[in-house]
**Q** 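Once you've had a glance at the structure underneath, I'll fire off some questions.
When reading the values below, keep in mind they use all heavy atoms of this one structure, side chains included, and skip hydrogens, waters and symmetry mates. For reference, positions follow the sequence shown, starting with 1.
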Amino acid sequence: MKTQLNWWKGGIIYQIYPRSFMDENGDGVGDLAGISSKLDYVASLGVDAIWISPIFTSPMKDFGYDVSDYRDIDPMFGSLDDFKALIKKAHGLDLKVMIDQVLSHTSDQHPWFEESRQNKTNDKADWFVWADPKPDGSPPNNWLSIFGGSAWQWDSRRLQYYLHNFLTSQPDINFHNDEVRHQQLDNMRFWLELGVDGFRLDTVNFFYHSQGLEDNPPVLPGEPKTMGAPHDNPYTYQKHVYDLSRPENLTFLQELRVLMDEFPGTTTVGEIGDDKPLERMAEYTSGGDKLHMAYTFDLLNTPHSPSYIRSVLENMQNIVGDGWPCWALSNHDVVRAATRWGENEDPVAYPLVAMALITSLRGSVCLYQGEELGLPEADVPFERIQDPYGIPLWPVFKGRDGCRTPMVWENGLHGGFSKQEPWLPVDERHLSLSVAEQEANPNALLHKVRTLLKWRQQQPELIQGELEQISVHNDELISYVRRIEDKSMLVIINMTSAEQQATLPIAITEILQGHGFNSTLDGHTLTLPAYQAFYARVH
């Protein structure tokens, strides 16, 4: 079982998108007081921690991922006192608190950048990535922004380009500069001293760039394109060799781990978007001296057949080694899993068996707000789109607003999220799936999720055990054994809409109950109805 110091290892983390969770002050945007008011609900799910997406002072051009003050709360969300109250309430409910850290770039309104762009000789001249144009005035190289176009923006004050991997208003910090790197570590110390229990590190492999500014090579015909970006985005046409995942990043992550170790019981989870994500995860989480855990987009993209999932697990086993993954099916950047994977499946049974999958894998788990309700991707009309990523790529890619619409607490005006028109519209289809509606229905998904999570939290094999895939002679099933010390558990998952049979290759000592799933065993033949999971202790 988990101890207080390693609560994160095998822990379940509930992600809160603060703009859309609960609006306490009635301005149409969620806030910290709103989060605090709903922490009893979150704790009732049986999770270990919350992760709050960015809440720092920001002009909100990328909704908080463009920070203008690393040590204060944006007034939109409340104050530092509100945040301290949130931590106190969460800790009183035995919930850990993790917050987003956006270290690779700032807002162009951050005082550091406003000073840096003035000239080439000021004290912060080298705190960002500046480069001279080519002789013809064009950008220094072919690097691209994930949000479209060149990753270089011309600045008329310095007569140079600055690097931005995302929006032009998000200039990249120069991590080769010791002073700014140490300042970022000090900013993290500020929050640790306030009592946060960990950080989710945005774009953790983007901190360093190659100082040689070499052109990235193209992805050749037949080669896989970059994960983590839609394939209609030209960003995926390059191999990102020189603009991210540089070897110097490992040294910084070791410096960060030294800081985290000063605060026992704290943790880090890094977001990795890379051409070779599992190799990065192995580099960044192995050895116990860098990140505690990391997640990739392996289960945040579209493929989800049993054979694909088995291949992900095999690759994880072969490549990651003693590193520690954090699994997620949904977050604030991708189409909700109930639509992306389950659009043509049973709307209650499929989300539940998908949750059975990720909560039984070796690693930790992130659940995104509303996932426990089975919310599908919301339909946001073009005139209401807010996401700067979606507007230029519409209609092929509609941006990320569909997974960011308000949490639905009741079947009423604005879903009980706010008394005012919310910053994004509530999808009418969500209202019947609200918390209040499901609380009143004993057969609703919400109750089934609670049963599953609370049961899972009592199983040592599922929390920290090793994983070994086994064959049950049916390619439609996903099956493995989880082992820790003298305990072993067999897990078989049927994510299909048809009944499946498995031939058990291992002797069962106890069929486990209490998780909410049903199946029948006749000798060595197991029958799993559609969307069912099977758990048993084995020799």
Side-chain angles (χ1 to χ4, degrees), residues 61-63 65-66 102 104-105 108 128-134 136-155 160-173 202-210 212-246 271-280 296-298 300-303 331-335 340 377 380 382 385-404:
K61 293 183 180 179
D62 191 22
F63 303 111
Y65 285 92
D66 48 331
V102 189
S104 71
H105 54 268
D108 61 359
F128 294 83
V129 183
W130 295 96
D132 292 326
K134 289 181 178 179
D136 63 0
S138 60
N141 58 29
N142 70 347
W143 298 354
L144 296 174
S145 162
I146 292 179
F147 286 2
S150 172
W152 297 97
Q153 177 67 23
W154 178 253
D155 188 88
Q160 286 184 306
Y161 285 95
Y162 65 84
L163 179 66
H164 62 93
N165 278 295
F166 301 94
L167 296 176
T168 58
S169 57
Q170 293 170 299
D172 267 53
I173 286 175
D202 187 58
T203 58
V204 73
N205 56 316
F206 279 67
F207 296 159
Y208 282 86
H209 67 287
S210 170
L213 302 183
E214 300 92 338
D215 279 352
N216 279 329
V219 174
L220 300 176
E223 292 182 330
K225 289 188 175 182
T226 305
M227 295 179 67
H231 285 186
D232 52 5
N233 185 338
Y235 187 82
T236 67
Y237 288 44
Q238 292 183 359
K239 296 178 183 177
H240 294 279
V241 176
Y242 297 110
D243 53 345
L244 51 85
S245 300
R246 302 298 299 166
E271 175 199 30
I272 298 175
D274 187 83
D275 298 345
K276 299 178 179 179
L278 294 183
E279 291 183 14
R280 293 291 87 73
T296 72
F297 294 85
D298 292 283
L300 288 169
N301 50 17
T302 303
N331 68 16
H332 62 290
D333 282 335
V334 300
V335 173
R340 198 181 72 253
E377 182 80 351
V380 180
F382 180 75
I385 287 289
Q386 302 287 326
D387 185 11
Y389 194 6
I391 293 171
L393 297 176
W394 180 279
V396 175
F397 176 64
K398 298 182 179 181
R400 301 163 294 182
D401 290 333
C403 64
R404 297 178 175 184

**Q** Can you see which heavy atom on Phe166 is nearest to which on Thr203, and at what distance?
**A** CZ-CG2, 3.3 Å
**Q** Excluding sequence neighbours, so at least two apart, what forms salt bridge (Lys or Arg N to Asp or Glu O under 4.0 Å) with Glu377?
**A** none
**Q** Report the residues that fulfil side-chain contact (heavy atoms from CB on, under 4.5 Å) with Glu279, sequence neighbours left out, ordered by chain and then residue number.
**A** Lys276, Ile319
**Q** Could you report the tightest heavy-atom contact between Glu214 and Trp143, atom names first, then the distance?
**A**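 Closest approach of Glu214 to Trp143: O-NE1, 2.8 Å.
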**Q** Work out which heavy atom in Phe147 is nearest to a heavy atom in Gln170; give both atom names and the distance.
**A** CE2-OE1, 4.0 Å
**Q** I'd like to know if the side chain of Asp401 reaches the main chain of Gln386, judged simply by a donor and an acceptor atom lying under 3.5 Å from each other, with no hydrogens or angles considered.
**A**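 Present.
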**Q** Would a distance-only check, ignoring hydrogens and angles, find a side-chain to backbone donor-acceptor pair under 3.5 Å from Asn142 to Asn216?
**A** yes
**Q** What's the shortest heavy-atom distance between Ile385 and Lys398, and which atoms?
**A**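 Between these two residues, the closest heavy atoms are CD1-O, 3.6 Å.
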**Q** Looking only at heavy atoms, which two atoms of Phe297 and Gly273 are closest? And how far apart?
**A** CE1-CA, 3.8 Å
**Q** Any chance you could measure Leu163, atom CG, to Ser150, atom OG, to the nearest 0.5 Å?
**A**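 Between Leu163 CG and Ser150 OG, I get 8.5 Å after rounding to 0.5 Å.
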**Q** When rounded to the nearest 0.5 angstrom, what distance separates CZ in Arg246 from OG in Ser210?
**A**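 With rounding to 0.5 Å, CZ (Arg246) is 4.5 Å from OG (Ser210).
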**Q** Once you round to the nearest 0.5 Å, how far does CG of Asp243 lie from CG of Asp215?
**A** 10.5 Å
**Q** Quick one: list whatever passes salt bridge (Lys or Arg N to Asp or Glu O under 4.0 Å) with Arg340, sequence neighbours left out.
**A** none
**Q** Would you give the length of the straight line joining atom CZ of Phe63 to atom CZ of Arg404, rounded to the nearest 0.5 angstrom?
**A**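 Those atoms lie 7.0 Å apart.
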**Q** I'd like to know if the side chain of Asp66 reaches the main chain of Lys61, judged simply by a donor and an acceptor atom lying under 3.5 Å from each other, with no hydrogens or angles considered.
**A** yes
**Q** Taking side-chain contact (heavy atoms from CB on, under 4.5 Å) as the definition, give me every residue that meets it alongside Pro217, ordered by chain and number, with sequence neighbours left out.
**A** Lys239, Val241, Tyr242
**Q** Can you name the side-chain contact (heavy atoms from CB on, under 4.5 Å) partners of Pro140, sequence neighbours left out?
**A** Ala131, Trp152, Tyr161, Leu213
**Q** For the side chain of Asp172 and the backbone of Val129, is there at least one donor-acceptor N/O pair under 3.5 Å apart?
**A** no
**Q** Excluding sequence neighbours, so at least two apart, what forms side-chain contact (heavy atoms from CB on, under 4.5 Å) with Leu144?
**A** Pro234, Tyr235, Gln238
**Q** Please tell me if the side chains of Glu271 and Asn331 come closer than 4.5 Å, counting only heavy atoms from C-beta onward.
**A**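 A side-chain contact under 4.5 Å is absent here.
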**Q** Roughly how far, to the nearest 0.5 Å, is OG of Ser245 from CZ of Phe206?
**A**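 Spacing of CZ (Phe206) from OG (Ser245) equals 7.5 Å.
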**Q** Which heavy-atom pair separates Phe207 from Asp202 by the least distance, and what is that distance?
**A** CE2-O, 4.0 Å
**Q** Quick check: does any side chain N or O of His105 sit under 3.5 Å from a backbone N or O of Tyr65, one acting as donor and the other as acceptor?
**A**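 Looks like yes, one N/O pair under 3.5 Å.
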**Q** What residue among Asp274, Asn205, Ile146, Asp275 forms side chain to side chain contact (heavy atoms under 4.5 Å, CB included) with His240?
**A** Asp275
**Q** Taking side chain as C-beta onward, heavy atoms only, is Pro388 less than 4.5 Å from Leu167?
**A** yes
